[in-house]
Peer 1: 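A single structure is presented below for examination.
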Amino acid sequence: MFLTPSRRRAAVGLAGAAALVLSMAACGEKKDETTPGAGGSAAASVSSDSALADKVPAAIKADGKLTVGTDSTYAPSEFLDTDGKTVVGFDVDLFNAVAGKLGLKAEFQSAKFDDVIPGVQSGKYEVGVSSFTINDDRKKQALMVSYFSAGTQWAAKKGSTINPDDACGKKVAVQTGTVQETDDLPVRQKACKDAGKPEIKVDSYQAQSDATAAVISGKDDAMLADSPVCAYAVKQTNGQLDLVGQIYDSAPYGYVVKSDQQALAEAIRDAVKALIADGTYKTILAKWGVDAGALSTDPAINP
């Protein structure tokens, strides 16, 4: 048995419900009518906290908004709604609530996952919100504020006998740039090679929805992604996929803030604390069925 020391989404993600539905059109699947959407978000009822708003840097407070970079292909975290334009998801609802506590509005802009952190570093985005797992490499690039916890999970077609701990010779789908691709699978590849077994064939996709579709179609034998992403994929594919094995390598997600924006990072951290205290945090996670990932410790900067 060889579990890896990886920490998920260097990227994370399944494509959104809308993207996933499109990717499965040939299979005749329809969106689950009970899928949570943007409407009725608890974020809409969040009122500004003047003490927290006072912590926001003046330059940001002046225009009243936070420009947010996100890879909108990772349901249920962040994905495009049925209009093909509006970004929705639990990450979106939660950060909208964070912004509301700070007296601001969040403006989400879709980007490739690999481009979000560089976009924060360059000033294109003031915050990156895209299910980023906090790890040492990222903490060297930016400030990261913890707000959620997730692990890696595998999924395969219903009835599959694939074993995540011995997937040698199998075709495995993964999203490009995720920790599953960069950290997890290379360790498994080496284990196969050391054991004299065929290597895992890794198929990398820009969008998690494409990775999911590849497993549904039978092109690939399995996929691995963040635990909430795989669980949501199973639900949205109406029984075509099953979760395989146990969740492992749990670690926190973090909001990404430019390294020289300590005050903004602190304001965001304190807003998350306030949402936990008043119950909004739990309400939003429960709405999306991801409350198992609620933080068990206080949010922190570069924990």
Peer 1: Looking only at the side chains, is there a donor atom on one of D226 and Y253 sitting less than 3.5 Å from an acceptor on the other?
Peer 2: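 Indeed, the side chains of D226 and Y253 share at least one donor-acceptor pair under 3.5 Å.
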Peer 1: Of all heavy-atom pairs between P228 and P76, which one has the smallest distance, and what is that distance?
Peer 2: O-CD, 3.4 Å
Peer 1: Please report the closest heavy-atom contact between D278 and K101, naming both atoms and the distance.
Peer 2: OD2-NZ, 3.0 Å
Peer 1: Do F108 and N96 pass the side-chain contact (heavy atoms from CB on, under 4.5 Å) test, and can you show the C-alpha distance, the side-chain angles, and the key distance before you say yes or no?
Peer 2: CA-CA 10 Å; F108 284 82; N96 278 336; 3.5 Å; yes
Peer 1: For the CD atom of Q240 and the NZ atom of K157, what is their distance to the nearest 0.5 Å?
Peer 2: 6.5 Å
Peer 1: More than 12 heavy atoms of other residues, nucleotides or ligands under 6.0 Å from CD of Q246: is that the case?
Peer 2: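 Incorrect, the count does not exceed 12.
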Peer 1: Say whether T73 and D71, considering side chains only, have a donor N or O and an acceptor N or O under 3.5 Å apart.
Peer 2: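 Judged by distance alone, the side chains do pair up.
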Peer 1: Is there a side-chain contact (heavy atoms from CB on, under 4.5 Å) between F95 and L66 once you walk through the steps?
Peer 2: CA-CA 10 Å; F95 195 75; L66 285 167; 3.8 Å; yes
Peer 1: For side-chain contact (heavy atoms from CB on, under 4.5 Å), just list the numbers for Y255 and L94, CA-CA rounded to whole Å, side-chain angles, deciding distance to a tenth of an Å, and then say yes or no.
Peer 2: CA-CA 11 Å; Y255 297 132; L94 187 56; 3.5 Å; yes
Peer 1: Any chain of hydrophobic side-chain contacts (each under 4.5 Å) joining M223 to Y205?
Peer 2: no
Peer 1: Would you kindly say whether D115 and Y125 are connected by a side-chain donor-acceptor distance under 3.5 Å?
Peer 2: no
Peer 1: Does E126 reach the main-chain N or O of K258 with its side chain, forming a donor-acceptor pair under 3.5 Å?
Peer 2: no
Peer 1: Is the NZ atom of K61 crowded by more than 12 outside heavy atoms at less than 6.0 Å?
Peer 2: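 Atom NZ in K61 is crowded, with more than 12 foreign heavy atoms closer than 6.0 Å.
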Peer 1: Using only heavy-atom distances, determine whether the side chains of S131 and D91 contain a donor-acceptor pair under 3.5 Å.
Peer 2: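 Yes.
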Peer 1: Mind checking whether E266 and Q262 have side chains closer than 4.5 Å, heavy atoms only?
Peer 2: yes
Peer 1: Going by the angle between their ring planes, with limits at 30° and 60°, are Y232 and W288 parallel, tilted or perpendicular?
Peer 2: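 Tilted, since the angle between the ring planes falls between 30° and 60°.
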Peer 1: So, D81 side chain and D83 main chain: donor-acceptor pair closer than 3.5 Å or not?
Peer 2: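 Answer holds: no.
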Peer 1: If the threshold is 4.0 Å, N to carboxylate O, is there a salt bridge linking D220 and K170?
Peer 2: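 Salt bridge flag = no for K170 with D220.
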Peer 1: If you take all heavy atoms of V234 and L241, which pair is closest and at what distance?
Peer 2: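 Shortest heavy-atom contact: CG1-O, 3.4 Å.
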Peer 1: Which pair of non-hydrogen atoms, one from T212 and one from A233, has the smallest distance, and what is that distance?
Peer 2: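 Smallest interatomic distance, heavy atoms only, reads CG2-CB, 4.3 Å.
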Peer 1: Same cluster for Y147 and V46 if Ile/Leu/Val/Met/Phe/Trp/Tyr side chains link at under 4.5 Å?
Peer 2: yes
Peer 1: List the steps and the verdict of side-chain contact (heavy atoms from CB on, under 4.5 Å) for F79 and V88.
Peer 2: CA-CA 5 Å; F79 59 97; V88 296; 3.5 Å; yes
Peer 1: Which pair of heavy atoms, one from A222 and one from W154, lies closest together, and at what distance?
Peer 2: CB-CE3, 4.0 Å
Peer 1: Does atom CG of D194 have more than 12 heavy-atom neighbours, drawn from other residues, nucleotides or ligands, at distances under 6.0 Å?
Peer 2: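 Result for CG/D194: enclosed.
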Peer 1: Using atom types as modelled and distance alone, determine if a side-chain donor or acceptor of Q175 lies under 3.5 Å from a backbone N or O of A207.
Peer 2: no
Peer 1: Please determine whether a side-chain nitrogen of the Lys or Arg among K171 and D221 lies less than 4.0 Å from a carboxylate oxygen of the Asp or Glu.
Peer 2: no
Peer 1: Could you check I276, I284, T283 and say which one makes a side chain to side chain contact (heavy atoms under 4.5 Å, CB included) with T280?
Peer 2: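 Answer after filtering I276, I284, T283: I284.
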Peer 1: L52, Y281: one ILVMFWY side-chain cluster at the under-4.5 Å cut-off?
Peer 2: yes
Peer 1: Could you check whether D166 pairs with K197 (Lys NZ or Arg NE/NH1/NH2 to Asp/Glu carboxylate O, under 4.0 Å)?
Peer 2: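 Yes.
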Peer 1: Are V244 and I247 grouped together when hydrophobic residues (ILVMFWY) are joined by side-chain heavy atoms under 4.5 angstrom apart?
Peer 2: no
Peer 1: Report whether V87 and V98 are members of the same hydrophobic cluster (ILVMFWY, side-chain heavy atoms less than 4.5 Å apart, transitive linking).
Peer 2: yes
Peer 1: Measure from the side-chain N and O atoms of Q180 to the backbone N and O of L185, and report whether any donor-acceptor pair falls under 3.5 Å.
Peer 2: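 Checked: no pair found.
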Peer 1: To check you understand the geometry: which heavy-atom pair defines the closest contact between K158 and G239, and what is its length?
Peer 2: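 That closest heavy-atom pairing would be CD-O, 3.1 Å.
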Peer 1: Find out whether D242 and S160 are in side-chain contact, i.e. whether some heavy atom of one side chain is under 4.5 Å from a heavy atom of the other.
Peer 2: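 Not in contact.
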